[in-house]
Trainee: 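To start, I am sharing the structure in question, which I have written as structure tokens.
Just so you know, these numbers come straight off a predicted model, no measurement behind them. Each residue takes its place number in the sequence, starting with 1.
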Amino acid sequence: MPEILLTLRASLSQPLDGSAIVPDRMAELDAREIGALALRSAERPREPIPLGDLFKVQGGKSDRVRIVGDCALVTGLGRQMASGELVVD
């Protein structure tokens with residue numbers, strides 16, 4: 001089964017709200033649309049950061065999401081997830 005692969009481009013230096021990363025909500029999105037999803041940093045919560053600025057996005061239209069990289073500072077991954085699979089490597 002195909003999956004969406006999100007690879008962290010660089011180490012994070014501040015907490016990041018990753019609640020936009022929800023597999024069942026990404027199931028209908030292509031890579032461009034996923035890259036445009038808004039993430040928010042703790043330092044500047046009113047200034048959205050496009051997911052594609054922080055993660056290399058591969059694949060789309062799948063409810064299987066794999067995240068590669070140190071996500072210790074990312075909170076909210078899969079928040080309110082109803083279905084699908086989320087793996088953090």
Trainee: Side chains of L51 and D53, heavy atoms from C-beta outward: is any pair under 4.5 Å?
Mentor: no
Trainee: Is the shortest side-chain heavy-atom distance between R25 and Q80 below 4.5 Å?
Mentor: yes
Trainee: Could you tell me which residues satisfy side-chain hydrogen bond (donor to acceptor under 3.5 Å, both in side chains) with E33, sequence neighbours excluded, listed by chain and number?
Mentor: none
Trainee: Does L12 reach the side chain of V74, with side-chain heavy atoms less than 4.5 Å apart?
Mentor: yes
Trainee: Do I67 and D89 make a side-chain contact, defined as non-hydrogen atoms from C-beta onward lying under 4.5 Å apart?
Mentor: no
Trainee: Test your reading of the model: is there a side-chain donor-acceptor pair from S62 to the backbone of P2, 3.5 Å cut-off?
Mentor: yes
Trainee: Can a donor-acceptor pair be found, under 3.5 Å and without considering hydrogens, that links the side chain of D17 to the backbone of R40?
Mentor: no
Trainee: State, with a plain yes or no, whether a side-chain heavy atom of D70 is found less than 4.5 Å away from one of S11.
Mentor: no
Trainee: Quick one: does V68's side chain get under 4.5 Å of F55's, heavy atoms only?
Mentor: no
Trainee: So, for R9 and G52, which heavy atoms are closest and what is the spacing to 0.1 Å?
Mentor: NE-O, 3.0 Å
Trainee: Do L16 and L37 land in one hydrophobic cluster if side-chain heavy atoms of ILVMFWY residues count as linked below 4.5 Å?
Mentor: yes
Trainee: Of all residues at least two apart in sequence or in a different chain, which pass the side-chain contact (heavy atoms from CB on, under 4.5 Å) check with K61?
Mentor: D30
Trainee: Please tell me whether L39 and L86 are part of a single hydrophobic cluster in this structure, the criterion being side-chain heavy atoms less than 4.5 Å apart.
Mentor: yes
Trainee: May I have the step-by-step check of side-chain contact (heavy atoms from CB on, under 4.5 Å) for V65 and V87, ending in yes or no?
Mentor: CA-CA 6 Å; V65 178; V87 176; over 6 Å; no
Trainee: One pair to check against side-chain contact (heavy atoms from CB on, under 4.5 Å): L6 and I21. What are the steps and the verdict?
Mentor: CA-CA 10 Å; L6 304 177; I21 301 174; 4.0 Å; yes
Trainee: Using the rule side-chain hydrogen bond (donor to acceptor under 3.5 Å, both in side chains), only one of E85, Q58, E3 pairs with R66; which is it?
Mentor: E3
Trainee: Any side-chain heavy atom of V88 sitting closer than 4.5 Å to one from L77?
Mentor: yes
Trainee: So M26 and V57, do their side chains get closer than 4.5 Å, heavy atoms only?
Mentor: no
